[in-house]
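See structure below.
Just so it is clear, the model here is predicted, and its values are computed rather than measured. Residue numbers count from 1 along this sequence.
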Amino acid sequence: MNKIRQILRGHFEGRGSKQLSQLTGVARNTIKSYLRRFKETGLIYRDVESLSDEALSELILGPPAPQQQSKRQEILSALLPTISKELRRKGMTQQRLWEEYIAKHPQGYRNSQFKAYLSQYLNRRSLTMHFEHKAGDKVFIDYAGKPLYITDPETGEHIPVQVFLGVLGCSQYTYMEATLTQKQEDFIESCRRMLEYYGGVPRAIVPDNLKSAVQKGSKYSPVLNETFESFAEHYSTSILPTRPRQPREKSLVEGAVKLVYQRIYIHLQNKVFFSLEGLNEAIRTLLVSYNERALRGEESRREQFEQLERESLQALPALPYQLMKVKISTVMKNTHICLAEDKHYYSVPHQFIGKKVKVLHNDDRVEIFYRYHRIAQHKRDRRKHKYTTCADHLAVSQRYVSSWSYDYFVGEGNRISREVGDYLAALMETKPHAEQGYKSCAGILHLAKKAGTSRLIQACKRAAEYGIYTYPIIEDILSKNLDTLSPAEEHLDDTALTPPHHNIRGKEYYS
């Protein structure tokens, strides 16, 4: 309309159509048609200045032609809201929707025209959610910028707390809770509770670049926080951080933050909460009404979640994720590492002696990694100064020693004969601690290889008759062949035991 006004003003100033065409860029024939229509109205330029754009357009261009919808266009227009909703289902395509449409309406639009009308409808929609968010595909997470507060009941101090938000891409179903901090422990636990609230797991979690999620941000290859990556692996999902300083990539949760300010924060401002649990209880109540509130022109977030997204989520694992603490430790020469928190020792394969390993532990288990490969896993034991050992981790020599016990030696002795087993049991019972007799028992069993099992059986019988339970007595009996003599044949020779000598006075000296 500005160009039409410029053409009319130039015409009354005496400019020709050629010059007006050069000034305005409008074709000469078009200018001539505008001027002809204006002359037919009988108006002068002064009258033009008082006309609105709409009135001048009607004079020069004529009234707009009424747009009438054909019958098939009316049918398609009524179906577009349902079609656009179906498009958000996982695996659904525009081609498949057109095939279903044309099967029910054979006289309807062909494929290209159907997609054109659908595209126009989607572009006109005023909802924040876009149709490319597939059901069960992504959840967007963020922290609200404004904190909420709890009150210390003793001091009356107002303690700021952080507000965590999660929004599913397809249904906009929202989760919200308050936490003391944005640190890794609180962040991971919030994500866990969010997935439990949804009752399933989307295929990707989209955070921004906070330190609890991303160790190093990048447009092309962000470095994820190891613990958060472990969390994602446990739930079989992926982490897709947004690019730094690109909040539009998670616009859904950014928009949700503004909405919860209006619909949840406003109801909490004048209330006093003395604990985080009390605050979260109030948030949960308000969150129910927030999710059940109808979106413009469509169902509520909860209804869309139930219809479109719940079945598309992956199942939760059998056990919830437990946050693992991390420490670096060196494998000791006894093939164990020490978990200093409990002062308990856990075995590692002997090949890693002297290596630095990463120890991850929670309330239930201890996992040990070397260069990102898990080399050992144990159930956590909080007994101080005790050892948790896997026999496969030990060297061959260590496995033999580690198997020593009262039952082991008695069992090995009984394999030879009952007399040997009873003798070894009696030997260990004479010691203040059974372990003090383990080496003696090992030595006695070893004598069976040198002297034979039959001689060892006789030696144990003879030593038991003496009432002496030691390794040296068995060795002495075998070396002197006393095991081959009967008790009647064995006698003591005083002359052999006490040889004559001029310094020995004898018993007669005292008579």
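No donor-acceptor pair under 3.5 Å is formed between the side chain of D137 and the backbone N or O of R203. T174 places a side-chain N or O within donor-acceptor distance of the main-chain N or O of Q172, the cut-off being under 3.5 Å. Judged by distance alone, the side chain of N362 and the main-chain N or O of R365 form a donor-acceptor pair under 3.5 Å. Judged by distance alone, the side chain of S230 and the main-chain N or O of E226 form no donor-acceptor pair under 3.5 Å. With Q113 contributing its side chain and R110 its backbone, the two residues share no donor-acceptor pair below 3.5 Å. A donor-acceptor contact shorter than 3.5 Å links the side chain of S347 to the backbone of C390. Looking at R455, its side chain does come within 3.5 Å of a backbone N or O of L478 through a donor-acceptor pair. Here the side chain of E309 pairs a donor or acceptor atom with the backbone of S171 at under 3.5 angstrom. At least one donor-acceptor pair closer than 3.5 Å links the side chain of S190 to the backbone N or O of D186. The backbone N or O of H344 sits nowhere less than 3.5 Å from a side-chain atom of H336 that would complete a donor-acceptor pair.
The distance from the CG atom of L287 to the CZ atom of R301 is 9.5 Å, given to the nearest 0.5 Å. Here the straight-line distance linking atom CD1 of I457 with atom CZ of R462 works out to 14.5 Å at 0.5 Å rounding. For the atom pair E429 CD and Y469 OH, the distance stands at 9.5 Å (nearest 0.5 Å). For the atom pair I188 CD1 and K183 NZ, the distance stands at 15.0 Å (nearest 0.5 Å). Note that CD of Q458 and OG1 of T453 are 10.5 Å apart. Values are rounded to the nearest 0.5 Å. Between the CD atom of E86 and the OG1 atom of T82 there is a distance of 7.5 Å, given to the nearest 0.5 Å.
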V139 vs T237, side-chain contact (heavy atoms from CB on, under 4.5 Å): CA-CA, chis, key distance, verdict: CA-CA 11 Å; V139 60; T237 187; over 6 Å; no

Could you give me the CA-CA distance, side-chain angles and deciding distance for D364 and R380, then say whether side-chain contact (heavy atoms from CB on, under 4.5 Å) is met? CA-CA 5 Å; D364 295 330; R380 187 162 182 185; 5.9 Å; no

Are V331 and Y370 close enough, and set up right, to give a side-chain contact (heavy atoms from CB on, under 4.5 Å), and what steps lead you there? CA-CA 11 Å; V331 182; Y370 179 72; over 6 Å; no

What's the verdict on side-chain contact (heavy atoms from CB on, under 4.5 Å) for L424 and E412, showing C-alpha distance, side-chain angles and the deciding distance? CA-CA 9 Å; L424 296 181; E412 290 296 310; 5.8 Å; no

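Nearest heavy-atom pair, L427 versus C441, reported as atom, atom and distance to 0.1 Å: CD2-SG, 4.0 Å. Contact between T151 and V272 at its shortest, heavy atoms only, is OG1-CG1, 3.5 Å. Among all heavy-atom pairs drawn from V161 and T179, the shortest one is CB-O, 3.4 Å. Across all non-hydrogen atoms, the minimal contact from G166 to M194 is CA-SD, 3.8 Å. Pairing each heavy atom of F187 with each of S212, the nearest pair is CD2-CB, 3.7 Å. I468 approaches Y423 most closely through the heavy-atom pair O-OH, 2.8 Å.
Under a cut-off of 6.0 angstrom, the local environment of NE2 in H267 is crowded, with over 12 non-hydrogen atoms contributed by other residues, nucleotides or ligands. Around atom CD1 of I328, more than 12 heavy atoms belonging to other residues, nucleotides or ligands sit under 6.0 Å away. Residue-environment remark: NZ (K327) exceeds the threshold of 12 foreign heavy atoms within 6.0 Å. Within 6.0 Å of atom CZ in R415, 12 or fewer heavy atoms from other residues, nucleotides or ligands are found, so the atom counts as exposed in its surroundings. Around the CD atom of E311, the shell of radius 6.0 Å holds no more than 12 heavy atoms that belong to other residues, nucleotides or ligands. A 6.0 Å sphere centred on CD of E154 holds no more than 12 heavy atoms belonging to other residues, nucleotides or ligands.
Less than 6.0 angstrom separates the ring centroid of H393 from the ring centroid of H378. For an aromatic pair to be called close, the ring centres must be under 6.0 Å apart, and Y438 with Y408 fails this. A ring-centre distance under 6.0 Å is not found for Y117 and Y121.
Looking at heavy atoms from C-beta onward, F305 lies out of side-chain contact with N291 at the 4.5 angstrom threshold. In this structure, the side chains of Y235 and C191 stay at 4.5 Å or more apart for every pair of heavy atoms. Between L313 and P202 there is a side-chain heavy-atom pair separated by less than 4.5 Å. You'll find the side chain of T335 stays beyond 4.5 Å of the side chain of V348, heavy atoms only. Side-chain atoms of L456 and I474, non-hydrogen and from C-beta on, do get closer than 4.5 Å to each other. Taking the side chain as every heavy atom from C-beta outward, T470 and T430 never approach each other to under 4.5 Å. Two residues are said to be in side-chain contact when any heavy atoms from C-beta on lie closer than 4.5 Å; Y173 and S300 fail this criterion. Here the side chains of I83 and L76 are in contact, with some heavy-atom distance below 4.5 Å.
E99 and R96 are not joined by a salt bridge, as no carboxylate oxygen comes within less than 4.0 angstrom of a charged side-chain nitrogen. Salt bridge R284/E281: present, at least one basic N to carboxylate O contact under 4.0 Å. At a threshold of 4.0 Å, the pair E100-K104 does not count as salt-bridged, since none of the basic side-chain nitrogens sits closer than that to a carboxylate oxygen.
Ring geometry for F231 versus Y321: interplanar angle over 60°, hence perpendicular rather than tilted (30 to 60°).
Geometrically, K146 engages Y261 in a cation-pi contact defined by less than 6.0 Å to the ring centre and at most 45° from the axis.
Residues Q95 and T93 have side chains that never bring a donor and an acceptor to within less than 3.5 angstrom of each other.
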